[in-house]
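When a ligand or atom number is given, it counts from 1 through the structure's own listing order. No hydrogens, no waters, no symmetry mates; every other heavy atom, side chains included, goes into these values.
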Amino acid sequence: MSAAAHLAPHGSVVLVEMESSLAYHTTGRSASLLVVNYGGKGSVPLARASRSFLEDPPNYTIDVPLLSDRGILWVADEFGLVDLEKFAEKGRASGAGSELIGPDEVSTLVPAMNRDYVAGGLYDPSARDIDVAGLHQAFVRVARRYGAEIRTDSSVVGLRRQNGGWVVTTRTDTITCDVVVNAAGAWGDEIARLAGIEPIGLQSMRRTVFTVPGHEEYAGWPMVVDVHHHFYFRPDGVQLLCSLAEEAPSAPTDPQPRMEDIALAIERINQATTLDIRTVNSEWTGLRTFAPDRELVIGEEPNAKGFFWLVGQGGVGIMTSPAYGSLLASQILRQSLPKHLADARVDPATTSPARFRHCRLGRIARRLFSR
Ligand SMILES: Cc1cc2nc3c(=O)[nH]c(=O)nc-3n(C[C@H](O)[C@H](O)[C@H](O)COP(=O)(O)OP(=O)(O)OC[C@H]3O[C@@H](n4cnc5c(N)ncnc54)[C@H](O)[C@@H]3O)c2cc1C
């Protein structure tokens with residue numbers, strides 16, 4: 001939707017979605033946090049560049065602000081302190097205003113943390129909750145305002161080149177266009193195969209989230225994340241949203257929660273806190289899809305003019321979406337890098353699909369050279 005919103009003012013855009021509603025897959029299943037300084041070298045600048053849109057989107061696109069205060073608190077037991085310090089160092093290098101704190105300060109921030117468990121914390125007050133539905137709707141409003149057409153129940157089943165452009169076949173339709181944007185999330189490589197394009201090697205990873213009864217006193221807590229990613233939890237209205245923070249490989253699919261993952265998350269959270277969780281209100285699983293180097297993949301396929309990738313958003317695809325929509329649109333329109341992206345030090349080479357093609361070209365060149 002971000003790509004459609006950024007492209008719609010400049011041409012004729014059709015967005016095709018295989019499900020009967022938008023954001024049914026990963027986008028509707030996220031933990032909805034903005035944490036700028038702890039991603040990969042491609043995603044940190046994109047998150048930084050997205051901040052201005054998230055803080056101040058065009059008035060007509062939203063009903064309520066997209067961001068609200070949250071903060072993030074990484075916690076470690078005695079075995080995690082060394083990694084917590086390394087993590088703090090990484091954050092400082094990319095400009096994080098976070099600070100290492102002791103068990104007393106951790107308890108002040110989140111009184112339910114178990115004093116026998118916590119050896120230290122790293123607190124970043126700048127993290128924000130994102131209203132994901134509101135952000136998605138903001139992109140829908142921009143796209144529609146500029147005439148983009150959105151077709152649901154439209155699964156892409158064929159993609160071929162014709163007269164320098166593309167023919168996209170869906171279950172019900174045929175669309176001819178100059179440019180195709182492959183923003184199919186976990187199915188990104190499948191779309192490439194339909195077009196006869198070499199896949200990137202995307203890998204989807206399951207992550208399960210569930211809600212449990214909370215309390216209004218918890219509302220001001222930051223999100224609490226175990227530094228080894230053994231669990232996380234955060235207030236979500238009057239509930240707590242919890243996760244095992246697992247990364248289990250999966251094929252592209254509509255993943256369902258596994259009870260053993262939820263049980264293990266509850267066991268770990270109950271060990272680390274005094275929350276004594278016993279009831280689950282709701283649960284879901286989403287797929288976080290990564291390129292082999294875990295950076296986003298944004299840009300034109302070197303081997304297929306007019307085929308643009310927008311995949312591999314992993315666990316950062318909400319907070320970086322305003323910037324990557326803008327980056328992708330500038331590439332399709334053959335424009336220079338927009339100023340707000342340059343100011344945030346976005347480097348298109350880091351996220352270009354060309355990085356996966358050099359090796360192959362190199363191999364071919366080496367083979368030719370050796371003959
Ligand atoms: C548990 C969890 C927590 C997360 N927390 C955060 C967070 O705190 N902050 C953050 O920034 N990010 C977070 N993320 C990551 C974020 O949700 C994703 O990076 C982002 O939603 C990816 O968006 P997408 O549009 O690429 O994928 P999707 O939302 O999956 O969209 C891809 C779409 O393509 C459609 N499609 C696929 N194949 C076809 C076809 N053949 N024809 C037509 N349509 C097709 C699918 O139906 C789907 O709607 C989290 C993810 C999970 C699972």
Non-hydrogen atom of Ser32 closer than 4.0 Å to ligand 1 | yes
Is there at least one pair of N or O atoms, one from Ala31 and one from ligand 1, spaced under 3.5 Å apart?
-> yes
Taking N or O atoms only and a 3.5 Å limit, does Glu19 qualify as a polar contact for ligand 1?
-> no
Examine Arg144 relative to Phe139 and say whether NZ or CZ is less than 6.0 Å from the centre of the six-membered ring and inside a 45° cone about the ring axis.
-> no
Closest heavy-atom approach to atom 41 (N) of ligand 1 among Val156, Leu194, Leu46 is made by Val156
Atoms in ligand 1 with a heavy atom of Gln313 nearer than 4.0 Å = 19 (O), 26 (O)
One finds that the ligand 1 atoms under 4.0 Å from a non-hydrogen atom of Val16 are 43 (C), 44 (N)
So which of Met18, His25, Met223 gets nearest to atom 39 (C) of ligand 1, if we judge by its closest heavy atom?
-> Met18
Indicate the ring-plane relationship of Trp74 and Tyr38, choosing parallel, tilted or perpendicular according to the 30° and 60° boundaries.
-> tilted
Considering only heavy atoms, which of Gly314, Ser30, Ala47 lies nearest to atom 50 (C) of ligand 1?
-> Ser30
Proximal ligand 1 atoms for Ser154, defined as those under 4.0 Å from one of its heavy atoms = 42 (N), 43 (C)
Please could you name the atoms of ligand 1 that Met319 approaches to less than 4.0 Å, counting only its heavy atoms?
-> 10 (C), 11 (O)
Where the closest heavy atom to atom 35 (C) of ligand 1 is concerned, which of Arg29, Glu17, His136 has it?
-> Glu17
